[in-house]
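As structure tokens, the structure follows; a few thoughts come after it.
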Amino acid sequence: MRSVGDLLREWRRHRRLSQLQLAAEAEISTRHLSFVESGRSQPSRDMILHLAQYLDIPLRERNALLVAAGFAPAFRERALDDPALAAARATIDQLLTGLEPFPALAVDRYWQLVASNQATLRLLHGVAPALLAPPVNVLRLSLHPQGLAPRIRNLGQWRAHLLHRLRQQIDACFDPALIALLRELQALPAPAEGSDAAPGGIAVPMQLELDGRVLSMLSTTTVFGTPVEVTLAELALEAFVPADAATAAQLRELASET
């Protein structure tokens, strides 16, 4: 197992900070930080959490730092159906239901589907059953040629948007599993060159064909604001709101047909 000093040094470099910069921000001496990183000084539990806060390290990785130093994890991780998270699960379900007839879903850190509303399920017509077998990865579902990709009119734009978000996430948490997911998605068939030109509107929409309709939707993301639990910290609610009045009317019409 790597030492806590090695891990802290790696995170500092990943955040593109010098020892002087981090020491100044965290209000500790550069000498002490140097000793911690080199292993000459064993940091306390509080010091590890203090440095992790200034390095903006995700909760899962903060636990890894503590374990590397011989301490117990500080942040619990429980399944979303755990009774202790009942209030959070009820909040998610309420938000998903409240967004009907517009599609909305909740995903975990690895973009695996946690929950969705009925409007989301209406968009999955024609998707290969293998892509819908749990755990469902929504990025793979979106970009796979047997998934939604053939029906996304602006696939170049949408693919570039999703891969950019994934790269940002990797930059934030440095997770090997997400790096592997990025490589997998990059290897999927890409649209013709030039189809990822910048959009003319305020944001990149997803333009999805469905039963002769073209739905234009903007993606919004909601996260829990002050989580102290790994599961909630890694959970995101993705809502697809109509980019125009025609799409709003079509989504309401689809809801009334079921």
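Note that the structure is a prediction, hence the values are computed from the model and not measured.
- Taking the side chain as every heavy atom from C-beta outward, Leu121 and Ser116 approach each other to under 4.5 Å.
- The neighbour count for His14 NE2, taken as heavy atoms of other residues, nucleotides or ligands under 6.0 Å away, is above 12.
- Atom CG of residue Asn137 and atom CG of residue Leu131 lie 9.5 Å apart, to the nearest 0.5 angstrom.
- Below 30°, between 30° and 60°, or above 60°: for Tyr54 and His50 the angle between ring planes is above 60°, a perpendicular geometry.
- You'll find the side chain of Gln157 stays beyond 4.5 Å of the side chain of Met206, heavy atoms only.
- When atom types are taken as modelled, the side chain of Ser34 and the backbone of Thr30 share no donor-acceptor pair closer than 3.5 angstrom.
- There is no path of hydrophobic side-chain contacts, each under 4.5 Å, that joins Val223 to Leu105.
- Atom CD of Glu257 has more than 12 neighbouring heavy atoms from other residues, nucleotides or ligands inside a 6.0 Å radius.
- By the 6.0 Å contact criterion, CZ on Arg40 is open, its count of non-hydrogen atoms from other residues, nucleotides or ligands being 12 or less.
- Within the 3.5 Å criterion, the main-chain N or O of Ala233 finds no donor-acceptor partner in the side chain of Arg60.
- Using a distance-only test at 3.5 Å, with no hydrogens or angles considered, no donor-acceptor pair links the side chain of Thr97 to the main chain of Gln94.
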Checklist line | Worked verdict on Leu237 versus Thr221 for side-chain contact (heavy atoms from CB on, under 4.5 Å) | finding: CA-CA 6 Å; Leu237 190 148; Thr221 304; over 6 Å; no
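- Looking only at distances, a side-chain donor or acceptor of Gln42 sits under 3.5 Å from a matching main-chain atom of Ala69.
- Remark: side-chain polar atoms of Thr247 are paired, donor with acceptor, to backbone N or O of Ser216 under 3.5 angstrom.
- The hydrophobic clustering, which links ILVMFWY residues whose side-chain heavy atoms are closer than 4.5 Å, places Val138 and Leu132 together.
- Taking a 6.0 Å sphere around CZ of Arg213, one finds it holds more than 12 heavy atoms contributed by other residues, nucleotides or ligands.
- Using a 4.5 Å cut-off between side-chain heavy atoms of Ile, Leu, Val, Met, Phe, Trp and Tyr, with links allowed through other members, Val136 and Leu181 fall into the same hydrophobic cluster.
- In this structure, the side chain of Asp175 does not engage the main chain of Ile170 through any donor-acceptor pair within 3.5 Å.
- Between Arg167 and Asp171 there is no salt bridge, since none of the side-chain N atoms of the basic residue sits less than 4.0 Å from a carboxylate O of the acidic one.
- Minimum heavy-atom separation, Leu80 to Val114: CD2-CG1, 3.3 Å.
- Two residues are said to be in side-chain contact when any heavy atoms from C-beta on lie closer than 4.5 Å; His144 and Leu188 meet this criterion.
- Taking the side chain as every heavy atom from C-beta outward, Leu123 and Leu208 approach each other to under 4.5 Å.
- For the atom pair Thr220 OG1 and Phe102 CZ, the distance stands at 11.5 Å (nearest 0.5 Å).
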Check: Stepwise, does the salt bridge (charged side-chain N to carboxylate O under 4.0 Å, His left out) test hold for Arg109 with Glu61?
Finding: CA-CA 13 Å; Arg109 171 187 178 125; Glu61 281 70 26; 2.5 Å; yes
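- Both Val204 and Leu143 are assigned to one and the same hydrophobic cluster, defined by single-linkage of ILVMFWY side chains at heavy-atom distances under 4.5 Å.
- By the 4.5 Å heavy-atom criterion applied to side chains, Pro43 and Val4 are counted as neighbours.
- Arg165 has a carboxylate O that lies under 4.0 Å from a charged side-chain N of Glu238, or vice versa, which qualifies the two as a salt bridge.
- In Arg2, the CZ atom is crowded: over 12 heavy atoms of neighbouring residues, nucleotides or ligands sit closer than 6.0 Å.
- Between Leu66 and Pro73 there is no side-chain heavy-atom pair separated by less than 4.5 Å.
- Using a 4.5 Å cut-off between side-chain heavy atoms of Ile, Leu, Val, Met, Phe, Trp and Tyr, with links allowed through other members, Val107 and Phe240 fall into the same hydrophobic cluster.
- Proximity of a side-chain donor or acceptor of Arg9 to a complementary backbone N or O of Glu37 within less than 3.5 Å is detected.
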Notebook entry, point to check: Going through the distances and angles, do Val214 and Arg153 end up as a side-chain contact (heavy atoms from CB on, under 4.5 Å)?
Noted result: CA-CA 8 Å; Val214 177; Arg153 281 275 191 92; 3.4 Å; yes
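- Using modelled atom types, no side-chain atom of Asn117 and backbone atom of Pro101 make a donor-acceptor pair closer than 3.5 Å.
- The minimum heavy-atom distance between Leu96 and Ala106, with the atom names listed, is CD2-N, 4.3 Å.
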Note to self: Is there a side-chain contact (heavy atoms from CB on, under 4.5 Å) between Ile48 and Arg45? Walk through the geometry before answering.
What the structure shows: CA-CA 5 Å; Ile48 293 170; Arg45 182 178 185 275; 5.7 Å; no
Margin query: Show, in sequence, the C-alpha distance, side-chain angles and deciding distance for Gln118 and Glu100, and conclude whether the side chain to side chain donor-acceptor pair (under 3.5 Å) test is met.
Written below: CA-CA 8 Å; Gln118 290 299 312; Glu100 294 278 6; 6.0 Å; no
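- In this structure, CG in Leu166 is found 11.5 Å from CZ in Arg183, a value given to the nearest 0.5 Å.
- Between Ile92 and Leu235, the closest side-chain pair of non-hydrogen atoms falls below 4.5 Å.
- Arg62 places a side-chain N or O within donor-acceptor distance of the main-chain N or O of Ile57, the cut-off being under 3.5 Å.
- Glu10 CD to Leu55 CG: the interatomic distance, rounded to the nearest 0.5 Å, is 11.5 Å.
- Heavy atoms from other residues, nucleotides or ligands lying under 6.0 Å from CD of Gln168 number more than 12.
- Considering every non-hydrogen atom in both Ala88 and Leu232, the closest pair reads CB-CD2, 3.6 Å.
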Next item on the list: Output, in order, the C-alpha distance, side-chain angles, deciding distance and verdict of side-chain contact (heavy atoms from CB on, under 4.5 Å) for His32 and Met47.
Entry: CA-CA 11 Å; His32 183 41; Met47 177 57 70; 4.0 Å; yes
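- Ion pairing between a basic and an acidic side chain is recognised when a charged N comes within 4.0 Å of a carboxylate O; Glu209 and Arg151 show no such pairing.
- Between Tyr110 and Leu178, some side-chain heavy-atom pair lies under the 4.5 Å cut-off.
- Proximity of a side-chain donor or acceptor of Thr231 to a complementary backbone N or O of Arg78 within less than 3.5 Å is detected.
- Between Trp11 and Phe174, the ring planes lie perpendicular to each other; the angle is over 60°, past the 30° to 60° tilted range.
- Rounding to the nearest 0.5 angstrom, the gap separating the CG atom in Leu251 from the CG atom in Leu254 is 6.0 Å.
- With a 6.0 Å radius and a threshold of 12 heavy atoms from other residues, nucleotides or ligands, Arg76 has its CZ atom at or below the threshold.
- To the nearest 0.5 Å, the span separating CG on Leu215 from CD on Gln207 amounts to 10.5 Å.
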